[in-house]
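Note: hydrogens, waters and symmetry copies are ignored here, and every other heavy atom, side chains too, is used. Owing to the predicted nature of the structure, the values given are computational and were not obtained by experimental measurement.
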Amino acid sequence: MATATSDFQYSGLAKCLIQEGLITEKDAKTCIQEAQNKKLSLISYLVANKVVDSKTIAAKASVEFGIPFLDLDAIDLRSLPIKLIKENLIRKHGVLPLMKRGKTLFIGISDPTSTQGFDDIKFQSLLNLETILVEENKLIKAIDSALEAVDSTMADMLDADLDNLSLGGGEDEDAGKNDVNADIDDAPIVRFVNKILLDAIKKGASDIHLEPYEKNFRIRYRSDGILHQVASPPANISNRIISRLKVMSKMDIAERRVPQDGRIKMILSKTRAIDFRVNTCPTLFGEKVVLRILDPTSAQLGIEKLGFEPDQQKLFLDAIHKPYGMVLVTGPTGSGKTVSLYTGLNILNSMERNISTAEDPVEITVEGINQVNVNVKSGLSFANALRAFLRQDPDIIMVGEIRDLETAEIAVKAAQTGHLVLSTLHTNDAPQTLNRLMQMGIEPFNIVSAVNLIMAQRLARRLCEHCKTSVTFPDNVLLSIGFKQDELKDLKLYKAVGCDLCTNGYKGRVGIYQVMTLSEKMRALILLGGNAMQLAEQAASEGINDLRASGLNKVRLGVTSIEEIDRVTKE
């Protein structure tokens with residue numbers, strides 16, 4: 001079949017998928033080019049973007065390349081010879097040791113065209129390699145599970161390594177660099193810090209807190225929005241651990257009297273890297289360090305997984321596909337605003353659009369988007385970055401936060417002159433955002449002509465599907481919470497219990513949203529100078545759910561509990 005793309009050279013796998021009718025020539029060309037741009041294998045790209053499912057690809061690749069196929073569900077991961085290959089090579093090249101027979105090691109791979117790391121593996125293991133084809137998604141999970149099974153626990157590391165350290169003084173706040181370097185070069189400290197970072201990633205934490213006190217040193221992870229203590233190393237090694245983190249994030253390790261900012265990049269595999277945004281703050285008994293875990297995959301979840309109700313999702317998608325205007329997302333720190341904005345930007349990210357963002361700092365890096373780190377000290381403010389963007393032929397602009405009148409005015413003008421502007425504000429709900437803009441000095445007529453949509457959001461913890469249990473409440477309590485009389489008979493509610501697979505009965509989080517467009521009546525009310533309460537009443541009369549009502553919908557569906565909705569929506 002002759003097409004406009006017939007002169008394009010396809011690999012064996014792409015040709016096979018085209019011949020089997022699983023993908024068109026046009027889509028194959030697009031996928032190959034996108035995979036190259038993102039430095040992914042074709043298989044990884046196809047599976048990650050759900051173009052073709054991993055089992056189908058593995059079966060076709062097995063026939064095309066003559067490599068035997070194995071279903072990883074059929075093997076016991078605990079019995080694998082995982083220690084024959086170093087962890088960094090396993091993650092870097094995406095391979096899984098399956099079986100050793102004589103001088104031959106059988107390894108599981110998902111991409112038969114990617115063999116560049118085999119020489120490294122042969123040299124390290126001193127074995128010949130034979131490949132077995134496995135599914136991409138199962139391979140990633142199996143690698144994590146197999147490596148986790150052989151990892152020592154945090155407590156084991158404390159007992160085996162840290163308690164036996166030969167510790168010196170280190171009380172002098174202005175210790176010289178030589179002393180600090182002596183501290184941070186200890187192998188147990190290096191392993192312990194690496195373990196802290198890896199465990200946080202595996203547990204899905206969003207932040208790591210390292211806090212020195214007079215007699216103890218506390219390490220906590222923030223998981224699903226709640227802090228949990230995970231370790232308490234000896235207080236007299238806190239400086240060594242903190243110094244190690246400062247070296248990794250390229251800070252001045254001799255300076256302990258002022259706050260510092262840095263960044264760590266951890267490469268987990270050839271397709272996944274995690275960034276840590278690091279901040280130190282001097283406290284009474286040493287420097288407190290907080291690491292924000294920036295996982296690019298969090299912004300690639302797909303809009304269906306964010307938690308929108310169907311009508312809310314449609315409003316959001318309609319707003320971001322308009323050629324101009326403002327889309328504002330509001331909520332407190334940690335409510336998922338950045339993920340929501342980047343989910344929208346990923347949908348809009350294409351070769352035909354020029355997208356620029358100004359953030360403080362850039363948390364998620366995305367190929368194809370021009371991202372700028374705001375640096376007020378050097379004169380690069382949000383307003384200055386916006387002015388520069390407007391001279392660079394933009395289609396879409398994202399401003400990390402509108403903090404002042406100058407930034408707000410430029411953003412509004414950009415939205416009025418043919419650009420789509422996405423940004424955030426710190427207000428409690430959508431109606432208050434309109435009042436906040438007026439309080440900043442934006443004229444009402446500019447607001448009604450620029451703003452397309454305002455979205456307030458919170459993140460609520462999901463109930464664990466394995467241990468949640470049904471619960472009953474008296475009718476009068478349910479009515480006071482916000483449920484209606486006619487739904488009480490069939491209402492099925494759940495509460496958190498707790499098991500080995502979750503944290504206190506919850507696992508993961510879901511967004512709850514108030515998505516508000518500006519109707520003609522709403523615009524008229526803004527022009528008359530209506531306050532937040534009047535705007536909220538108008539929104540309710542138009543059937544726009546507030547955060548509480550959206551949260552109760554999640555309770556009705558059994559996604560979360562009444563207690564959790566009370567926690568995140570209580571005024």
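In the model, Ser356 has no side-chain atom that pairs as donor or acceptor with a side-chain atom of Gln392 under 3.5 Å. No side-chain N or O of Asn194 forms a donor-acceptor pair with one of Arg191 less than 3.5 Å apart. Counting only N and O atoms by type, the side chains of Asn354 and Asp395 include no donor and acceptor under 3.5 Å apart. Gln260 and Asp252 share no side-chain donor-acceptor pair at under 3.5 Å. Between Thr338 and Glu359, the side chains place no donor N or O within less than 3.5 Å of an acceptor N or O (distance only, hydrogens not considered).
With respect to Asp261 and Lys250, no salt bridge is recorded, no charged nitrogen being found less than 4.0 Å from a carboxylate O. Ionic pairing of Glu406 and Arg387 is present here: one or more N-O contacts between side-chain nitrogen and carboxylate oxygen are shorter than 4.0 angstrom. Contact check on Lys246 versus Glu287 returns a salt bridge, with a Lys/Arg side-chain nitrogen under 4.0 Å from an Asp/Glu carboxylate oxygen. Under 4.0 Å is where a charged nitrogen must lie from a carboxylate oxygen, and between Asp275 and Arg263 at least one such pair does.
Contacts of Arg220 classified as side-chain hydrogen bond (donor to acceptor under 3.5 Å, both in side chains), with partners at least two apart in sequence or in another chain: Glu211.
Proximity of Leu437 to Met326: side-chain heavy atoms (C-beta onward) are nowhere separated by under 4.5 Å. You'll find the side chain of Ile219 reaches within 4.5 Å of the side chain of Phe192, heavy atoms only. Between Thr357 and Val366, the closest side-chain pair of non-hydrogen atoms is not below 4.5 Å.
Under the side chain to side chain donor-acceptor pair (under 3.5 Å) test applied with Gln457, the options Ser335, Ser340, Ser550 reduce to a single match, Ser340. Among the candidates Ile320, Ile355, Asn349, Val421, the single residue satisfying the side-chain contact (heavy atoms from CB on, under 4.5 Å) test with Ile396 is Ile355.
Judged purely by atom type and a 3.5 angstrom limit, Lys203 has no side-chain atom pairing as donor or acceptor with the backbone of Arg222. A distance-only check finds no donor-acceptor pair linking the side chain of Thr427 to the backbone of Thr330 [under 3.5 Å].
Summarising the geometry, atom CD belonging to Glu87 is positioned 6.0 Å from atom CG belonging to Leu198; distances are rounded to the nearest 0.5 Å.
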Result block: side-chain N/O donor-acceptor pairs under 3.5 angstrom for residues 508-515, not counting sequence neighbours:
unit_1, atom_1, unit_2, atom_2, d
Tyr513, OH, Leu306, O, 3.3
Gln514, OE1, Ala430, N, 3.1

Determine, step by step, whether Asp207 and Arg277 satisfy the salt bridge (charged side-chain N to carboxylate O under 4.0 Å, His left out) criterion, reporting the C-alpha distance in whole Å, the side-chain angles of both residues, the deciding distance to 0.1 Å, and the verdict. CA-CA 9 Å; Asp207 301 85; Arg277 191 179 78 206; over 6 Å; no
